[in-house]
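Notes for the one structure printed next.
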Amino acid sequence: MRDIDKRYDAVVACKSASLQVQPGEIRALLGSNGSGKSTMVKILAGTVKPNGGEILMDGAPVTINSGLDARNLGIATAFQDLSLIPTMTVLDNILLGVEPKGKWGTVDRAKAGSEVEALLERFHINCDPEAYVQTLMPSMQSLVEVAKAVYQKPRLLLLDEVTAALHRDEVQLIFGVLRELKAEGTAIIYVTHRMNEIFQICDTATIMRSGETVAHVNTSEVTLDEIVYYMTGQRPEAVSPHEAEAAHGDGADLVLDVEHIALFPKVRDISLKAYQGEIVGIGGLEGQGQPEFIRAVLGLTRPDDGRIIYRGEEVHFHSPADAVMANIGFISGERNREAMFPDRSVGENVFAGRAAKGGLFRFLTDRKVRDFAQAAVDKYSIVVGSIRNPASSLSGGNQQKLVIARWIAMNPTLLLLDDPTKGVDIHSRRDIHKILRQSADEGMTIIISSSENDELLEIADRVYLFYEGRVSGVLSGASKTPERLVAAMMGLTREQNGAAKETRQA
Amino acid sequence: MIDLKRAFARFRRSPAFAGFTLFLFVVILNILVQGPGQFFGMRNINTLFSKNMPLLLATMAMAVLLIAGTLDIAIGIQLALVNVVSIMVMQQWGVSLLVGFALGMVAALVASALCWLFCSVLRLPAMLASFSLIYIVRGINVLIMPNPQGRIAEVFYKTYDSRILGFIPFSAVFLILVLAIWAYLMRTKFGRSIYAVGGHPRNAFAAGIDPVKVQFQAFMIKGFITGLAGISLTLMTASGNPLQAEAYGLRSLSACIIGGLGFGGWGSMASAVYGTGFLVLIQNAVYYFFDLLFKLIPGFTVTSYWQNLVSDIIIFLGLLMTIVTAKEQREALKQGFVKQFKGGDSVAKQG
Amino acid sequence: MLLSKAEGKMALGQHVRVFVQSSPARMAVIISVLLFAITVAINPRSLNLNSFSSILLLTLLLSFASAGQTMVLIGGGLDFTVGAVMSCAAILTTYIMGGQDGNLLLVFALAMGMGAAIGLLNGFCAVKIDLPPMIVTMAISNVVTRLSYVLTAGTFSGYAGPAFVESVVGKILGFIPKLTLYALVLVPLVFYLLNRSRFGRQLYLMGNNPTAAQLTGVKVNKIRILMYVFSAMLAAFAGMIGAAYMKTARCQIFDEYAFSSLVAVIVGGTAFTGGIGSFAGSIAGALLMVTLSNGLTVLALTQPVRNLVQGIVMVLLLIMYNRARAVRQ
């Protein structure tokens, strides 16, 4: 018997989670944001080391310390963010590490070539094996990623959200291959956020919540509502996508009106309105187009389609600098990558927004920078040793407060926040919420995207839920309930006939 | 016919295409200003090969490193190192020049291992670390050979300038040797690993490839090719000079970039050949072009510095050209995006 | 630098690294003084006003050349045209002056204009072209060098005006070179650009984290082009001063400065990765490089040994400054 049993004790990501899969079984691994399902996949793939627990294969304990170990055990993984090497060809990528040996220590390319041709044919991948991966479309790259994993003829195949970039027909193609593999006795673990796929392809499902495995079920024995309940602890209550649009009608000025914006590949069709003094939340599972949407409003990327109307005028920002000039602020939750200047001082970090605005060669005293920063640090109670210390000396929570202070102190008309409390301690998070609410009361318009539902329900006046690049629900006032939020997050919307149904991409 | 079309389409998309276009351009330019008879004449071809083989080999050595995602601008001075070691071993110990060559090769390998230590193991910025190496190697060179001296036996340089079977330049043997070894390596596992390490070290590591080890192999191959380049330089100049060829380091880098090699896993050995060909032939063409002007316009005189200026401007434009061609590849990528977005159904091929 | 017993467990190298990274400028000055002391100890005759004066003069010249490079490195770029621009400006100066002082203002205007034009080309190419700035600026540097050959036919051309020469190499109180007076203008100017203007603030932010700077509203392309323009203009100015120091100029006379300025800037604590550094550090770095070279000359070390020492010292400096950062990333 080949079964994999896995117990695992880590601090945050996974708490004694377990997972079992039999040969010839397709098991769905489900969970909401940050439930630890990706961590589980990475442990099996050998890219993350578990702090505890054990992995059993065929009843015997095994250790997986690297991708090589995993491959030797017959485990192959297709990752959502792809493990392909963009500057190499499709053929070379599929063969990488498992090249068939020919004469004189060479790689038998003729044999490999025909094998890969057959493999691509099986997936109906219509591309030249000698094409460079970086020139392929994203959906094609995803297909190649799956094909690469299948080529290794694994006993256990891990698929991590590989269908996210795929079209419906392409998903069916993959399913066809998966069914064949299943018949051949391959064990498959399938991670997805598309609920309808589970019932189509999976036999069983393991559901994770906050790092724990909360249920092991047979998909034939449960309903969609039950699965969502296990995932979120809430019974879903489907909503219509446009229900709450008019809810904010008390005559406040419309600050931002986004109409049918589209930005390939993540944002398909999103409209959003934000009124003065309002906190608008954006929620949904990870990777449904939230960050791309916010960056399009900021002018970092230019949308393919749609209009952005800001303060009554249609705007075309060429760069974030234009948006900043128009009194828009942006706070990213990706602190290290997109917000912090780790080697510069705390004072300079607070002053950064100011530094970006105004005459380039105007005399600017150090004192002015320091006073501005000191005032902000005092006002928002950021714990710093000295504002002269480098910003990297601060704790994560204080770093995020610092970034927020940077913008609030500029008093922007519209403040965009992309998951600002990610990885921030509870105390700082409460402070941040207080600052945001206070600013909104003073007339600032705030759009905040968050991966945490509680946060959205707590702070936002209205919540837009994104699902696969579209708005799957808008909640406000009385309709702002955890049940509805969960339903919209999973893409369950009520159509005219009143039945709960998953929104499908057109 | 369709196969030919497909092969051409592949070639067009390959990174060497940009370099090939430029190369073709200068060849045509040369034919235009010199006339095909003179340009393709045996003597001209032989001279072109024998005079430029050191640079060509240095560029190929650089290409190996670029593919592996690192670089070494001290390649140039390492040619001089091989040169001085070969000559001094011959002079001081009274042994055959061939023994000198063997020890010169060892010196090149040691210098390459040192550069590997700096760049891959100590993870110093390759550009600055190898720049420091220039000083170190230059110092060693002069310690070994205080001033230009030495003379190799006539048989060696006569052979180097000779033609095999009357038409293959002897110097081309080096080129063929390196290309053959490289072609073999490209068909082994190493050939895939080096591209993977250069292109995406993290994913390569996940696929069970050790980047530091692969870069060591790359540095050793580079050392071997550098050794050959140094030998070729010695045969060409027939004497020893501790301070020559230093500029080859930066020139070989330019040649690689012009030929279409990128930093890390992008481009091929062909790119190096085209890039060097472009650099060398553009100077040739400009020289003959001015020659033509002197003849056509009576009283027209300019200094030879003009030729250098014109060829360097063309080299700069050649660098700019690679941006245009690279953009085309980016454009193809963008087109794919648009296609996918506008017509989802038409893209997914029906079973 | 005394190690307590508890700290003794920490590797000595780590200690040195922490100390060096906390203030590279201070470290560079300390090493310079030590080097000078060693030089004097070995050869007491080298302690005289002349050598002091010449160290000061060369340090200032290298500092001027490093000013632009400092800026570009802080902004996360690299400018290889410094040497070629200096040489070209020096030739321009001697050529137009022709041993007379009358044309000084014209020379100044022309040199600045030339610097600005080359800087603009550098900046434009660095921004628009996806190649490493090293490659692009190197190609441009070659073109500039060739251009200067065409202009001069490769020979010495003219002389700097005597009054101009005197204003650079002349001495105050018998040992302070008058070049110091230029420094009194240039150093505050660079300090203002880097530390007291929005341009400087944005430059540091951009060098430290270009993505964050862009998202914060910094027009990164504009700043990047400007930094190359300033760099080339400062190099052109350094070239003019260099012409006065040398009195006459030929092609490639200051080419060595492309690399030595880079080394001085790195030694002065400006990170190759951008976002960290100061002009004061570069001046200290220049001092270190000049005393090192002075010491090697005074000790009558042969050229190859000097090269060897220089190379090894540079590798050691790289290990101290740049390696720790790579690990973090």
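Not measured: the values here are computed from a predicted model.
With chain A as the partner, the residue from C/Val218, C/Asn195, C/Leu205 showing the most heavy-atom pairs under 4.5 Å is C/Leu205. Among C/Ile223, C/Asn221, C/Thr211, C/Leu215, the residue with the largest count of heavy-atom pairs under 4.5 Å with chain A is C/Leu215. Options A/Asn336, A/Thr365, A/Val369, A/Leu360 differ in how many heavy-atom pairs under 4.5 Å they form with chain C, and the most are formed by A/Leu360. Residue with the most contacts toward chain C among A/Glu334, A/Arg362, A/Arg344: A/Arg344 (heavy-atom pairs, distance under 4.5 Å). Between chain A and the residues C/Gly207, C/Gly275, C/Ala213, C/Gly217, the largest count of heavy-atom pairs under 4.5 Å involves C/Gly217. The candidate from A/Leu364, A/Asp322, A/Val403, A/Leu298 with the greatest count of non-hydrogen atom pairs under 4.5 Å with chain C is A/Leu364.
Heavy-atom neighbours of A/Glu313 CD from other residues, nucleotides or ligands within 6.0 Å: at or below the threshold of 12. At most 12 non-hydrogen atoms from other residues, nucleotides or ligands lie less than 6.0 angstrom from CZ of C/Phe124.
The pair A/Arg335-A/Asp419 does not count as a salt bridge, with every side-chain nitrogen at least 4.0 angstrom from each carboxylate oxygen.
Taking CE from A/Met444 and CD1 from A/Ile279, the interatomic distance works out to 10.0 Å, rounded to the nearest 0.5 Å. For the atom pair C/Thr216 OG1 and A/Phe351 CZ, the distance stands at 13.0 Å (nearest 0.5 Å). For the atom pair CG (C/Leu288) and CD1 (C/Ile31), the distance works out to 5.5 Å, reported to the nearest 0.5 Å. Remark: A/Phe372 CZ to A/Arg406 CZ distance equals 10.5 Å, nearest 0.5 Å.
Looking at A/Ser392, its side chain does come within 3.5 Å of a backbone N or O of A/Pro342 through a donor-acceptor pair. Checked by atom type and distance alone, the side chain of A/Gln400 never pairs as donor or acceptor with a backbone atom of A/Gly333 at under 3.5 Å.
Looking at A/Ala339, the atoms closer than 4.5 Å to chain C (heavy atoms on both sides) all sit in the backbone: N, CA, C or O. The part of A/Arg337 that comes within reach of chain C is its backbone (N, CA, C, O), which places non-hydrogen atoms under 4.5 angstrom from that chain.
When ring centroids are compared, C/Phe108 and C/Tyr182 stay outside the 6.0 Å threshold.
For residues 325-332 of chain A, heavy-atom neighbours of chain C at less than 4.5 Å comprise A/Phe330, sorted by residue number.
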